[in-house]
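These notes are about the structure you will find just below.
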Amino acid sequence: MNYWLLKTEPSTFSWDDLVRKGCAEWDGVRNYLARNNMRAMAKGDLCFIYHSVGKPEIVGIARVVASAHQDSTDASGVWQCVDVEPVKKLLRSIPLAEIKSNTQFAAMKLVTHSRLSVQPITADEWKNILALV
DNA sequence: GCCAACGTTGGC
DNA sequence: GCCAACGTTGGC
């Protein structure tokens, strides 16, 4: 099983929106690297949901329920998305500042490639983030 | 195929 | 609101 981080602007689609829907297409991604990462995602993989803009922080955990398929918001057929469902909200959101200030996360894509919206997370990073909660 | 111009993302 | 980082576009 692999781990991932999904970024979203809460004003567009927030953690609460995901909980309300129960299951959602992670659509609207228009970046090739992010798309390739989604293609590598398998059913059952776990993802951190990260809120960008405003209050940057990791807010919850979601599970992949369908691997990459056509993005229904894209007519060209170029873009794909996965389906995710909420697993649980973190008891305490982990702010970006806290991740940046901790040297054990220096190699995280969130730090080194801050604009990538779908990122792989290593098992160690996953475990260490959860240890902060 | 290079690179300048431009648009977007997203932290601060 | 500013600006750095980065992706994309298009002229040559």
Side-chain angles (χ1 to χ4, degrees):
Chain A
M1 173 167 77
N2 291 305
Y3 300 100
W4 309 91
L5 181 141
L6 300 175
K7 267 201 253 182
T8 182
E9 281 191 44
S11 59
T12 305
F13 190 83
S14 69
W15 169 261
D16 287 340
D17 291 329
L18 179 60
V19 170
R20 205 170 299 124
K21 290 189 75 172
C23 169
E25 278 196 339
W26 203 259
D27 57 25
V29 175
R30 297 293 182 268
N31 172 282
Y32 287 101
L33 194 49
R35 183 197 66 180
N36 291 346
N37 285 336
M38 284 201 290
R39 282 178 172 173
M41 292 165 85
K43 196 175 168 185
D45 282 358
L46 293 175
C47 313
F48 283 132
I49 301 296
Y50 173 86
H51 281 176
S52 68
V53 183
K55 202 161 170 247
E57 58 189 16
I58 296 173
V59 295
I61 296 172
R63 182 187 295 114
V64 177
V65 293
S67 56
H69 57 83
Q70 167 87 42
D71 182 334
S72 65
T73 66
D74 168 49
S76 73
V78 173
W79 303 109
Q80 296 178 313
C81 63
V82 296
D83 295 351
V84 296
E85 66 178 5
V87 174
K88 66 172 177 179
K89 190 172 188 173
L90 298 185
L91 291 176
R92 178 178 79 89
S93 293
I94 305 300
L96 177 64
E98 194 170 330
I99 292 166
K100 279 190 163 176
S101 68
N102 190 327
T103 54
Q104 69 181 330
F105 301 119
M108 270 185 78
K109 295 277 191 301
L110 197 58
V111 177
T112 59
H113 296 273
S114 62
R115 288 185 51 185
L116 184 58
S117 59
V118 178
Q119 317 183 349
I121 298 272
T122 68
D124 277 346
E125 287 163 355
W126 181 269
K127 190 180 59 183
N128 292 336
I129 292 282
L130 290 180
L132 294 178
V133 176

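Numbers restart at 1 for each chain; the letters A, B, ... are given by sequence-line order, proteins then strands.
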Whole-Å gap separating P (dC6(C)) and CG (L33(A)): 12 Å
Is the shortest side-chain N to carboxylate O distance from D71(A) to R30(A) below 4.0 Å? yes
Donor-acceptor check, side chain of D45(A) to backbone of M1(A), threshold 3.5 angstrom: yes or no? no
Nearest-Å distance for atom pair NE2/P, residues H51(A) and dC12(B): 17 Å
Taken to the nearest whole Å, OH/Y32(A) to C1'/dT8(B) is 16 Å
For the pair made of CZ in R30(A) and P in dT9(C), what is the distance, rounded to whole Å? 13 Å
Answer yes or no: is there a donor N or O on one side and an acceptor on the other, between the side chain of H51(A) and the main chain of V59(A), under 3.5 Å? no
Rounded to the nearest Å, what distance is computed from the CZ atom of residue R115(A) to the P atom of nucleotide dA5(C)? 11 Å
In whole Å, what is the span from the CG atom of N31(A) to the C1' atom of dC6(C)? 10 Å
At less than 4.0 Å, is any side-chain N or O atom of K100(A) found next to OP1 or OP2 of dG11(B)? Yes or no. no
Take the protein atom NZ of K7(A) and the nucleotide atom C1' of dT8(B), then report the distance between them rounded to whole Å. 12 Å
Taking atom NZ of K109(A) as the centre, does the number of heavy atoms from other residues, nucleotides or ligands within less than 6.0 Å exceed 12? no
Tell me whether the OP1 or OP2 atom of dG11(B) has a side-chain N or O from Y50(A) closer than 4.0 Å. yes
Starting from P on dC6(C), measure out to CD on Q119(A) and report it in whole angstrom. 12 Å
